[in-house]
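Report on the structure given below.
Throughout, a chain's letter reflects where its sequence line sits, starting with A, and its residues are numbered from 1.
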Protein chains: 2
Amino acid sequence: MDWSDLRIFLAIAREGTLGAAARKIGQTQPTMGRRLRALEQALGQTLFQRTTDGFVLTDEGTAVLRHAERIEEEALALQRHASGAETQLDGLLRLSSSDWFGTVMLSPVIAAFGKRHPRVTVELLTDARLYSLPRREADLVFRIKPFSEPEIISRKLLHIPYALYGKKGSKPPRAGDGRGVRVVTMNVEFADMPDAAWLKRALPNAEVASRSNNRQAQAELCASGGGLAVLPRPLGDRDRRLVALDIGTSPPGRDTFVGYHRDLKRLARLRALLDLVIERLAGAHP
Amino acid sequence: MDWSDLRIFLAIAREGTLGAAARKIGQTQPTMGRRLRALEQALGQTLFQRTTDGFVLTDEGTAVLRHAERIEEEALALQRHASGAETQLDGLLRLSSSDWFGTVMLSPVIAAFGKRHPRVTVELLTDARLYSLPRREADLVFRIKPFSEPEIISRKLLHIPYALYGKKGSKPPRAGDGRGVRVVTMNVEFADMPDAAWLKRALPNAEVASRSNNRQAQAELCASGGGLAVLPRPLGDRDRRLVALDIGTSPPGRDTFVGYHRDLKRLARLRALLDLVIERLAGAHP
DNA sequence: CGATCGTCGTGCATTATTGCATGAGGATTC
DNA sequence: GAATCCTCATGCAATAATGCACGACGATCG
């Protein structure tokens, strides 16, 4: 049995078709089919049922999958461990954060880091979905919730104050009512976020003009006269078309945390970037 | 990183030289060198120190070894699992037992099994060292000590009586003394075996003429006039040049156990052979 | 101290594997 | 119901990996 074929088996099991699996791994569809056949032959069993809608695992295939997953986990740990021991200051770093935090807060830090360490390539991923640290889809993750996984090293980075913003020149509405006021707020999916809840309490009768899961889009909507919005101050204050509105009460702020896998603790370039991030972002408010 | 290279890495780590590792895996020395180089390059670290007496692991290599060993364990389990699901009555079965037990007790059973299932190849390994069931160096192991590993399924097979033998025509010595008697006994390594201890008690003053870890060799020595020997009755009784000597007391018998990995529980050919073994060997004395 | 044995690395021919292009089959869509 | 889109399997050419033969180096032994 060729151990590499297990990786192909995993991809097929997850994607369901040879083509999709091939794209994921970076090989071609015929190769996937041939290697799978080789694996099945080596094990003496049929791992997949060839149905009209793709490859579905047989019972034996399911059993093999469990083993293959454990092997993959171990292989990923091995690679992380190896990367963690790299002491050179070149290579790739992948960061993951929310959209506005990436553009507003991280971009300048990344730019400064790039000047100091030109041989390190920094990839900034801003995506709704969370990138996995254990699978090393990202090396450094910035997010609002603290990390609870034991193998993740994390620290609180800084506190982000929030404020209610309106288009420049608009007047603060009266707190407690909000009748006739149009607001831009979070996606329904994130309706339970503290700032959305605060907005609902402060202006209960306001009309929701539009929603977005993207803070920058919210800011843009707000600046274009789409309504009032609760925004992080670092984001709202830099847009000269926006003005913070004081209605007596303030929206809650949020802590931002940063985390990375402990296998990468000794990765020099990660350490260097993290130090710079802390200096620039957390340094002001330690 | 190519997962297959981890297997090559393991072989090199264990064997110490590329050539030996190549022989173990069934490839050639240049290939081993190239694949190792590829792995080191993929991980970005030097795994081995090239010394005059072979490849020795670096610190990073040792860390990788731990992961690779876990991966191997999982891969072996996967293969056992797959084999265990084979329901066909062909393929290979490897048995491991002591020398005399293999030739005297197992050979006739294997011969009968071969007639009934001609497509199954049975390999009988008689070796001083114990073959590993978890690593699947053997599928079925016969031995004197019960199995304690949780993943091994075992049962007591039969009780083997022992007796003191001499060359045909020789007279039983007087128990308790043994002066002037020459005996053949176990290797010093196995001096604490019950039958060796019994012999020492029964004939304390006997002279040890020769030793061997091989019961058949002991029988041969005994038959050639090399001295008296304690032998399993199934072995001693079938040699017409030997005669059992009654000196009033009898050496202790031994139980023989048979064990196999539970992953192979459903392996049809294993089940078939085991049933036959039990019928032929344990059937008489259940 | 020379000879021999073993090791590893490298050039080159062979072999095996891969990727591309194509065809067949089935489901969905208009 | 024909067209389209997807799937997978297969023949063939290009590519990559392998095995063999050789040379260099070092250790061991007589």
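- In terms of modelled atom types and a separation under 3.5 Å, the side chain of A:Arg211 and the main chain of A:Val184 share no donor-acceptor contact.
- Proximity of a side-chain donor or acceptor of A:Gln27 to a complementary backbone N or O of A:Ala22 within less than 3.5 Å is not detected.
- At distances below 3.5 Å, not a single donor-acceptor pair connects side-chain atoms of A:Glu60 with backbone N or O atoms of B:Ala85.
- At the phosphate of C:dG19, OP1 or OP2 sits under 4.0 Å from a side-chain N or O atom of A:Thr31.
- Of the residues in residues 38-49 of chain A, not one places a heavy atom less than 4.0 Å from an atom of DNA chain C.
- Following rounding to the nearest Å, B:Arg35 (CZ) and C:dG9 (C1') show an atom-to-atom distance of 17 Å.
- No donor-acceptor pair closer than 3.5 Å links the side chain of A:Ser4 to the backbone N or O of B:Asp2.
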Sequence-aligned protein contact record of nucleotides 7-12 of chain D, with B where the base is within under 4.0 Å of a protein heavy atom and S where only the sugar-phosphate is: SBBBB-
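- A salt bridge between A:Glu15 and A:Arg23 is absent, with no side-chain N of the basic residue lying under 4.0 Å from a carboxylate O of the acidic one.
- Counting non-hydrogen atoms of other residues, nucleotides and ligands closer than 6.0 Å to NE2 of A:His67 gives a total above 12.
- Atom-to-atom, CG of B:Leu36 to C1' of D:dT18 comes out at 16 Å; the value is rounded to the nearest Å.
- Counting to the nearest Å, the P atom of D:dA17 and the CE atom of B:Met32 are 16 Å from each other.
- Classification of the A:Phe48-A:Phe55 ring pair by plane angle, with boundaries at 30° and 60°, yields perpendicular.
- Cation-pi geometry between B:Arg262 and B:Tyr260 is not met at under 6.0 angstrom from the ring centre and within 45 degrees of the axis.
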